[in-house]
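Before any comments, here is the structure.
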Amino acid sequence: GINAEYGTHTTLETVSMSSGSGTQDKLTAALDVQKARFSADYPSLLSAVEGYKAANDAVVQAGARIAQVLKSMGEMYPANSYGIAFNKLSQGQAQLGDHRAQSVSKAINDKFLKPLSKALDEERKAFAAQDKEIRGTMAQYGQDIKKMMSQAQKEQKKGTDAMLSALSLVNNKVQEFDHKNAQLLESLEKKEQARFVDWFRRWAAVMDAQLAFHAASGKKLRELEQVWQEAVGGKGASNAADSIQGNAAAAESASGAESDAAGDDGDDDDADAAPSKKAGKPPKGKADKPSKDKKDKADKKAKK
């Protein structure tokens with residue numbers, strides 16, 4: 001009877017240990033994942049975002065060089081419509097660069113990199129201490145359960161009641177260990193979830209800053225397009241008389257007018273020097289009409 005009861009309770013204890021072992025395995029796996037994330041994954045993510053910020057800063061610097069070149073081109077023709085347009089384009093490009101630096105780059109640094117880099121250092125230290133404590137707790141529970149199992153085997157000699165009491169203590173300890181592992185696992189997962197939420201929330205703030213920047217940039221680019229259209233004579237262009245083509249056309253027109261005036265003066269001189277035959281011809285019907293006396297004499301001669 002004693003052996004049968006002992007066998008029954010031994011089976012119960014084995015099931016309890018198996019349950020506790022399953023939770024312990026999950027906890028150990030979670031600790032290993034966290035350790036890998038703190039040592040490699042999180043630093044790699046921050047490094048990638050730092051590279052993203054560096055690329056964004058490079059765009060700002062490239063835009064600043066473009067603005068400087070446009071400004072130099074504008075200074076070559078300060079009063080010309082193209083020169084004025086280049087100056088406006090330079091100012092617009094500089095404004096785009098300043099906006100990118102003050103919105104996107106600043107958001108990446110202030111809302112993501114700076115706070116999370118500091119938090120990562122603190123959380124890495126806290127996790128290292130937590131990992132050591134949890135693994136120490138698991139090891140301690142394991143040692144305690146082994147001792148209690150050894151004691152339960154010794155209690156078998158004292159009788160059924162003593163043995164059952166010892167097995168009950170072992171079973172309770174195993175259940176306590178299992179519950180402890182479940183609590184530690186839940187705490188670990190909640191911290192990880194909170195960390196992910198915080199990181200994604202901060203990155204969403206960076207995305208919002210970029211969205212606002214691109215919306216403002218689109219408006220600024222449309223304004224700059226209008227400036228260029230006016231300079232080249234497109235839609236909404238002003239009839240600026242000081243444009244390069246306008247100045248060249250005006251000069252060509254003035255030169256042609258002078259040539260025409262000189263040709264007209266030469267024709268007048270020729271007219272004065274050699275008047276046309278029409279000018280000296282007498283009126284028709286007067287110069288060729290014979291006088292009355294000559295007609296009478298002709299009539300008398302004919303009668304004779």
Side-chain angles (χ1 to χ4, degrees), residues 45-115 117 202-269:
L45 177 59
L46 289 177
S47 178
V49 176
E50 287 174 353
Y52 183 76
K53 180 180 178 298
N56 190 75
D57 293 341
V59 172
V60 174
Q61 295 173 3
R65 290 193 293 271
I66 293 175
Q68 184 59 44
V69 172
L70 291 172
K71 181 180 179 182
S72 299
M73 296 173 68
E75 290 174 348
M76 295 174 63
Y77 308 99
N80 182 272
S81 61
Y82 285 98
I84 295 172
F86 279 131
N87 282 326
K88 290 182 178 179
L89 290 172
S90 173
Q91 294 173 4
Q93 181 63 50
Q95 291 172 356
L96 287 174
D98 291 341
H99 189 193
R100 179 184 286 273
Q102 293 298 320
S103 59
V104 180
S105 293
K106 186 175 177 60
I108 295 173
N109 186 67
D110 294 351
K111 296 183 178 181
F112 194 87
L113 286 176
K114 189 175 180 180
S117 295
R202 292 182 180 279
W203 187 247
V206 174
M207 293 296 100
D208 288 341
Q210 289 193 95
L211 179 62
F213 163 74
H214 286 298
S217 296
K219 181 179 179 181
K220 174 58 67 174
L221 289 174
R222 286 190 292 272
E223 293 175 359
L224 295 179
E225 181 185 17
Q226 181 66 21
V227 171
W228 187 248
Q229 289 289 346
E230 292 177 356
V232 300
K235 182 179 179 182
S238 61
N239 297 322
D242 61 340
S243 67
I244 294 176
Q245 294 179 348
N247 288 340
E252 183 179 355
S253 177
S255 177
E258 292 177 358
S259 299
D260 293 342
D264 292 341
D265 291 343
D267 291 343
D268 292 341
D269 293 341

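Treat the numbers as computed from the prediction; the structure is a model and nothing was measured.
Atoms CZ and CG, on F213 and D208 in that order, are 15.0 Å from each other to the nearest 0.5 Å. Put simply, CG on L224 and NZ on K219 are 12.5 Å apart, with the number rounded to the nearest 0.5 Å. A distance of 10.5 Å separates CG of L89 from CG of L221, quoted to the nearest 0.5 Å. Atom CD of Q226 is separated from atom CD of E223 by 10.0 Å, given to the nearest 0.5 angstrom. Rounded to the nearest 0.5 angstrom, N87 CG and M73 CE are separated by 10.5 Å. If you take CZ on R65 and CG on L70, they are separated by 13.0 Å, rounding to the nearest 0.5 Å.
In terms of heavy-atom proximity, Q210 sits nearest to M207 at NE2-CE, 2.7 Å. Considering every non-hydrogen atom in both E50 and L113, the closest pair reads CG-CD2, 3.6 Å. Looking at every heavy atom in both residues, D110 comes nearest to P115 through O-CD, 3.2 Å. Contact between A216 and H99 at its shortest, heavy atoms only, is CB-CE1, 3.2 Å. Nearest heavy-atom pair across S90 and A67 is OG-O, 2.6 Å. When every heavy atom of K111 is checked against every heavy atom of A205, the shortest pair comes out as CD-CB, 3.8 Å.
We find that E225 and R222 are not joined by a salt bridge, their nearest charged nitrogen and carboxylate oxygen being 4.0 Å or further apart.
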Original post:
Step by step, would you call V206 with R202 a side chain to side chain contact (heavy atoms under 4.5 Å, CB included)?
Top reply: CA-CA 7 Å; V206 174; R202 292 182 180 279; over 6 Å; no
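When side chains are defined from C-beta on, L46 counts as touching F112, because their heavy atoms get closer than 4.5 Å.
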Residues 55-62 side chain polar contacts: donor-acceptor under 3.5 Å, at least two apart:
unit_1 : atom_1 : unit_2 : atom_2 : d
N56    : OD1    : R100   : NH1    : 2.8
N56    : ND2    : S105   : OG     : 2.5
D57    : OD1    : S105   : OG     : 2.7
D57    : OD2    : K53    : NZ     : 2.9

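S103 meets the side-chain hydrogen bond (donor to acceptor under 3.5 Å, both in side chains) test with no other residue; sequence neighbours excluded.
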